[in-house]
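First up is the structure itself, then whatever we jot down about it.
Order of listing sets the numbers, starting from 1, for every ligand and every atom in it. Small disclaimer: the values here were computed from a predicted structure and weren't measured.
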Amino acid sequence: MRRKLAAGNWKMNGGNAELDGLRTLSQIHSGAAIDILICPPFTLIAAAAECAGSIAIGGQNCHSDASGAHTGDISAQMLADVGASAVILGHSERRADHSETSEDVRAKAHAAHAAGLITIICVGESLDQREAQNTLDIIGGQLSTSVPDTATGENTVIAYEPCWAIGTGLTPTTDQIGDVHDFIRTRLEKRLGTGAGRSIRLLYGGSVKAANAAEIFAVSNVDGALVGGASLKSDDFSPIISALEAAANVS
Ligand code: PGA
């Protein structure tokens, strides 16, 4: 049984004032039978970890080295040191804005696992790639290079995030989501064996909101969501969490 996960990615948003919303969320969902994770900017991780109750806190990136001369970077150990238990890696905005490759993502994943962090490794196709019918090839390539051989259900989560659905209000059809998630599951089982391959959680991300959450959570091999814009306010994220709790009760 894979435990469902509702993850919020605040991206480069939020200051101390936004921690009130986090406190509210943790009160509303204190007894949740699913995992809830918020990934605020680095500047808020320590304070968020103090006030988040049973909500886990994660980073949005880390360096592949544990320490050293890398001005402006943050290591996985530093994230763990201030209370993070997870880190998002290979988000399409990192791949696009910072030219991160799948090799980089795998190196970061090794570092994160060594620091005891859960990695949420993101994969996803562009609109051009989808229109050229290359979606599964792209996802397969990103998976095989980004995900380390040592990935297990305990240390790794995969997020399928089509680039064209992020922050656009567009979402794939539930059939399209199901096709990609089933493909990822099959690939993971082939490569890592059925034990690890079946226990790694698969999140969908890209314009998830309260209005579409329930239908996305009903899709096969969708174990939760990675939510950007709709995770910034507790009023928006709370109903998504509730929809996932309801999906956990029926599965
Ligand atoms: P969005 O972002 O929910 O705002 O589309 C998702 C993400 O980038 O993780």
Side-chain angles (χ1 to χ4, degrees), residues 4-14 18 21-22 25 35-42 44-45 48 55-62 84 86-100 102 105 108-109 112 117-127 129-130 135 138-139 142-143 146 156-174 176-177 180-181 184 201-217 219 222-244 247:
K4 308 269 184 206
L5 170 60
N9 172 11
W10 283 10
K11 309 191 180 185
M12 199 173 71
N13 296 293
E18 275 62 46
L22 187 56
L25 208 60
D35 291 337
I36 306 169
L37 169 72
I38 293 285
C39 299
F42 291 137
L44 289 180
I45 288 177
I55 297 180
I57 300 300
Q60 300 170 15
N61 176 43
C62 69
V87 62
I88 299 169
L89 295 177
H91 189 281
S92 63
E93 287 152 14
R94 299 286 322 168
R95 292 180 189 260
D97 297 353
H98 300 273
S99 307
E100 279 186 15
S102 290
V105 175
K108 289 172 184 228
L117 299 181
I118 295 170
T119 51
I120 301 179
I121 297 178
C122 302
V123 295
E125 82 287 0
S126 68
L127 191 56
Q129 290 163 337
R130 176 160 283 276
T135 298
I138 295 295
I139 303 294
Q142 290 176 340
L143 269 185
S146 307
T156 301
V157 174
I158 309 287
Y160 167 54
E161 298 207 308
C163 306
W164 52 273
I166 293 175
T168 59
L170 302 172
T171 47
T173 65
T174 50
Q176 289 171 324
I177 295 173
V180 175
H181 280 238
I184 294 173
R201 291 175 286 182
L202 308 184
L203 308 183
Y204 167 76
S207 296
V208 175
K209 47 185 190 275
N212 61 18
E215 64 170 352
I216 291 171
F217 296 151
V219 175
V222 172
D223 303 309
L226 180 55
V227 183
S231 73
L232 293 173
K233 293 204 179 98
S234 57
D235 283 356
D236 294 332
F237 198 34
S238 181
I240 297 173
I241 294 170
S242 299
L244 191 58

Please list, chain by chain and in numerical order, all residues satisfying side-chain hydrogen bond (donor to acceptor under 3.5 Å, both in side chains) with Ser102, sequence neighbours excluded.
Arg95, Ser146
Name each donor-acceptor pair under 3.5 Å that joins a side chain in residues 209-216 to protein atoms two or more places apart or in another chain, with its distance.
{"unit_1": "Asn212", "atom_1": "OD1", "unit_2": "Lys209", "atom_2": "N", "d": "2.8"}
{"unit_1": "Asn212", "atom_1": "ND2", "unit_2": "Ser207", "atom_2": "O", "d": "2.9"}

Using heavy atoms and a cut-off under 4.0 Å, could you grab the residues that are in contact with ligand 1, chain by chain, numbers ascending?
Asn9, Lys11, His91, Glu161, Ala165, Ile166, Gly167, Gly206, Ser207, Leu226, Val227, Gly228, Gly229
Less than 3.5 Å apart, any donor N or O on the side chain of Tyr160 or Glu125 sitting next to an acceptor on the other?
yes
Between Trp10 and Glu18: side-chain donor-acceptor atoms closer than 3.5 Å:
no
Name all residues meeting the ring-ring contact (aromatic ring centres under 6.0 Å, His included) criterion together with Phe237; count only those two or more places apart in sequence or in a different chain, and write none if there are none.
none
Any luck finding a side-chain donor-acceptor pair between His91 and Glu161 under 3.5 Å?
yes
